[in-house]
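Okay, structure first, notes after.
This one's a predicted model, so the numbers in the text were calculated from it and none came from an experiment.
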Number of protein chains: 2
Amino acid sequence: MKICGSIWIEGKKTTYMGVGRMLLLEKINKSGSISEAAKKMKMSYKKAWELVDGMNNESKKPLVIRVSGGKGGGGTIVTKEGMAALKQFKKILTDFHKFCDKKTKVLK
Amino acid sequence: MKICGSIWIEGKKTTYMGVGRMLLLEKINKSGSISEAAKKMKMSYKKAWELVDGMNNESKKPLVIRVSGGKGGGGTIVTKEGMAALKQFKKILTDFHKFCDKKTKVLK
DNA sequence: TTCCGTTATTTTTTAGTGTATATAACGGTA
DNA sequence: TACCGTTATATACACTAAAAAATAACGGAA
């Protein structure tokens, strides 16, 4: 028996940040491309684009900046705000895992 | 912005206890019937039966006892162990809600 | 024996969600 | 201008998960 769970940050209309979005942002940050990140995630480009678009809409300042056309066809970079959001959520996530582990020990 | 989440107790093969199962058990306890509880939950009987069956399988001692046929067609009662499991999970749930509220306040 | 309402099980239908596919738009570079 | 690889967008398809529906099994009571 083990306590499991999931946690996320809810915005006005949709989810602002969650585990999937976190992993996606990290891969965008590494590759500089939504399409590349989507491949790594084994996720359709459309799905990845929707997640990114949703996050940007929920945030005052965009978490990523997307460029279409130009050198190399364009690309996507994670902004300072995006990196901060990542850090913030990771902290919440580790605390949540601690919470679950603690509750699991009490369980039996 | 608000921290949201869900939490449950995972057994060996499937979920042992969660919010849906908790509500279902409570309604079975009131009505003495899976089919009646399923109606209240606006859930198909099959789904309710599968949840109940799964819980019983995950537990050493059954959380409910089911009787098919007989007076009134049969029925289902929640055992002492079932009530204890309910109480245990409710405690975890309220602590989890506190956790989320606390994290939401820190959020900004 | 027949009736009743429940549990138990199988099959069919439906709804929703993600994927695949195709196409357009973009804008710097050669 | 033509090319390139990306972002952006629409449409059609596939698949899964849930619900709905239909049927069987059960066992006490009349």
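Checked against the 6.0 Å centroid criterion, the rings of B:Phe96 and A:Phe96 qualify as a close aromatic pair.
Each end of the helix from C:dT1-D:dA30 to C:dA30-D:dT1 gets its own axis from five base pairs, and the two axes differ in direction by 20°, given to 10 degrees.
No donor-acceptor distance shorter than 3.5 angstrom exists from the side chain of B:Ser59 to the backbone of B:Met55, with no hydrogens or angles considered. Side chain of A:Asn56 to backbone of A:Pro62: no donor-acceptor contact under 3.5 angstrom is found.
Looking at residues 28-38 of chain A, you'll see A:Ser33, A:Ile34, A:Ser35 sit with a heavy atom under 4.0 Å from some atom of DNA chain D. Of the residues in residues 58-67 of chain A, those with a non-hydrogen atom less than 4.0 angstrom from any atom of DNA chain D are A:Arg66, A:Val67. In the region residues 74-81 of chain A, proximity to DNA chain D at under 4.0 angstrom, judged on heavy atoms, holds for A:Gly74, A:Gly75, A:Thr76. Residues from residues 49-56 of chain A lying near DNA chain C, meaning a heavy-atom separation below 4.0 Å, are absent.
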Exercise. Let me have a per-nucleotide readout for nucleotides 15-30 of chain D, 5' to 3', with B, S or -, counting only protein heavy atoms under 4.0 Å.
Key: ----S------BBS--
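Checked against salt bridge (Lys or Arg N to Asp or Glu O under 4.0 Å), A:Asp101 has no partners two or more places apart in sequence or in another chain. Every residue two or more places apart in sequence or in another chain that forms a side-chain hydrogen bond (donor to acceptor under 3.5 Å, both in side chains) with B:Ser35 is listed here: B:Ser33.
Legend: side chain to side chain donor-acceptor pair (under 3.5 Å) pairs involving residues 22-31 of chain A, not counting sequence neighbours, sorted by first then second residue: A:Glu26-A:Lys90. Listed by first then second residue, pairs satisfying side chain to side chain donor-acceptor pair (under 3.5 Å) with a partner in residues 64-79 of chain A read A:Asp53-A:Arg66, A:Thr79-A:Glu81, not counting sequence neighbours.
Considering all non-hydrogen atoms of both residues, A:Leu24 and A:Ala37 come closest at CD1-CB, 4.0 Å.
The CZ atom of A:Phe99 sits 10.0 Å away from the NZ atom of B:Lys98 when rounded to the nearest 0.5 Å.
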Would you list the atom pairs, donor with acceptor, under 3.5 Å between side chains in residues 42-52 of chain A and any protein atom, with sequence neighbours excluded?
residue, atom, partner, partner atom, Å
A:Ser44, OG, A:Lys47, N, 3.2

Expected list for residues 2-14 of chain B: side-chain donor-acceptor pairs under 3.5 angstrom, two or more places apart:
residue, atom, partner, partner atom, Å
B:Trp8, NE1, B:Glu10, OE1, 2.8

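Counting to the nearest Å, the P atom of C:dA24 and the OH atom of A:Tyr45 are 17 Å from each other.
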